[in-house]
There are 2 protein chains.
Amino acid sequence: MIKIQQNTLYGEAAARIRDMINDGTLLPGTRIPEKQLCEQFGVSRTPLREALKVLASEGMVELLPNRGARVVRLTRQMLEETYSVMGALEGLSGELACRYITEEEVADIQALHYQMMAHYKRKEIRPYFELNHRIHDAIMLAARNEVLRETHSSLNYRIQRVRYSSMIDEYWDQAVADHEAMIECLLARDGERLGSILREHLRHKLVVAAASGVIDDDPGVARSRSS
Amino acid sequence: MIKIQQNTLYGEAAARIRDMINDGTLLPGTRIPEKQLCEQFGVSRTPLREALKVLASEGMVELLPNRGARVVRLTRQMLEETYSVMGALEGLSGELACRYITEEEVADIQALHYQMMAHYKRKEIRPYFELNHRIHDAIMLAARNEVLRETHSSLNYRIQRVRYSSMIDEYWDQAVADHEAMIECLLARDGERLGSILREHLRHKLVVAAASGVIDDDPGVARSRSS
DNA sequence: ATTCTCTATTCTGTATTCATAATTCATTTT
DNA sequence: AAAATGAATTATGAATACAGAATAGAGAAT
């Protein structure tokens, strides 16, 4: 299986800027210095600016006419809105998944689940998150809806940076309980219930994210940081 | 109230290309002739290509490396997927709207509804669609979720071209019945039921669109048309 | 006559250049 | 001393120029 690599410069640039935003190299609210990034990436401004257009329609950056691009700041308002929408999408993915998922896929997810549980018991947070993500992704794939997957993925980009921010034990237990229930639903092909669990599941995540203090609601912070 | 016009050339170009796709000037599957559009719009290739990047991440066009941009062809598969996702989003909008909508907004929607009913009785299809759209938009606004609105709007762009394609009487009656029920739900603030009605409502639309023959499932058509 | 190959042309992707808007800093005025 | 004004600098938005890939067409070979 040969993978066709369509490496365009603007695509590469977009990916790298996305990463820089997620890992905190580019801070929310700060200006994105075109010239500097051009030198860093070794490309001219044309592909870089095209990349910014893409990121803008993904909601990662905002373009102010004649004032360049800024990293979008995640307000609590926006985070709540995004989680609400993602909840609806994941809920749908659960319903559809139960309709189309194969025995093999369910078995795979179960395997991932037990792996995840092992990490949970050992309080290994990173591997836990990794497995957690793969489970949700597997459900999304089982939904057999590419539009859904892309839409969800696009929203997910925006909030990546608050994802692995913190973990409260209380929430963690709840999350694991949710996952247990999810497996049950998959086995029983109970789409409706899986849907509601997934919607609720995201609601819980929001609480954690909101509590973690990654969000900057104070409009003054970003500007002062740009110096 | 002064409206700040952030008219960038690439934004203008994107809007115009979007319209050209929706009104059939640019046919699905055909290549988008950069040079020609540049001359037509009176801009250089730079802003036009930036516009294409935006449209690509909206899902209106697809960019093939070194082979330019093509108008995305709407397959039945894709249309079904899109409607499914939009159903989830509109369903959510219904739930949220019932939570946040004011008396005034409900009254406005009721007014729009009666206007729409008048057009329905006179079988004035275009004005009917117009009001129909405004009602759904008003509900979306009442949901107080900008992320939801943008996400929905972006998906809506893609399928605009099949929207006003045809109208079967049987479906029309059903749609009007749905709308009657929607008003009831809004008055009763029954978010859950409004949600399900909206989801179903979209399912019906899909049937009509699928039957209307706007979709091209044959992979050969587009290529031959590009000559 | 048909197919294959090689060349010429066209078109895309990227770099560079130019014009204009925004910002900064120094000077002046109150 | 603080604020305001204006010139210089910088950055953005758009146009042009250039390199390389893809396509089309002519000619040769079967």
Decide whether A/Ser84 and A/Glu81 meet the rule of one side-chain donor and one side-chain acceptor closer than 3.5 Å. no

Modelled atom types, side-chain donor and acceptor of A/Glu90 and A/His201, under 3.5 Å: no

For B/Glu150 and B/Ser153: C-alpha separation, side-chain torsions, deciding distance, then whether side chain to side chain donor-acceptor pair (under 3.5 Å) applies. CA-CA 5 Å; B/Glu150 277 166 31; B/Ser153 164; over 6 Å; no

For nucleotides 7-20 of chain C, 5' to 3', base contacts (B), sugar-phosphate-only contacts (S) and non-contacts (-) with protein non-hydrogen atoms under 4.0 Å give ----SBBBBB----

Global bending angle along the helix from C/dA1-D/dT30 to C/dT30-D/dA1, which compares the axes of five pairs at either end, to 10 degrees: 10°

Taking the six-membered ring where the residue is Trp, are the ring centres of B/His136 and B/His179 under 6.0 Å apart? yes

In this structure, CG of B/Leu48 is separated from OH of B/Tyr10 (nearest 0.5 Å) by 13.5 Å

side-chain hydrogen bond (donor to acceptor under 3.5 Å, both in side chains) with A/Arg99: which residues, sequence neighbours excluded? none

Going by heavy atoms in the side chains, are B/Leu186 and B/Cys98 under 4.5 Å from each other? yes

With a 4.5 Å cut-off on side-chain heavy atoms, are A/Arg144 and A/Leu96 touching? no

Contact interval (first through last nucleotide) of DNA chain D with protein chain B, 4.0 Å heavy-atom: D/dA14 to D/dT23

Name all residues meeting the salt bridge (charged side-chain N to carboxylate O under 4.0 Å, His left out) criterion together with A/Arg199; count only those two or more places apart in sequence or in a different chain, and write none if there are none. A/Glu95

Restricting to pairs with a member in residues 48-62 of chain B, which pass side chain to side chain donor-acceptor pair (under 3.5 Å), not counting sequence neighbours? A/Arg49-B/Glu50, A/Glu50-B/Arg49, A/Ser57-B/Ser57, B/Arg18-B/Glu58, B/Glu34-B/Arg49

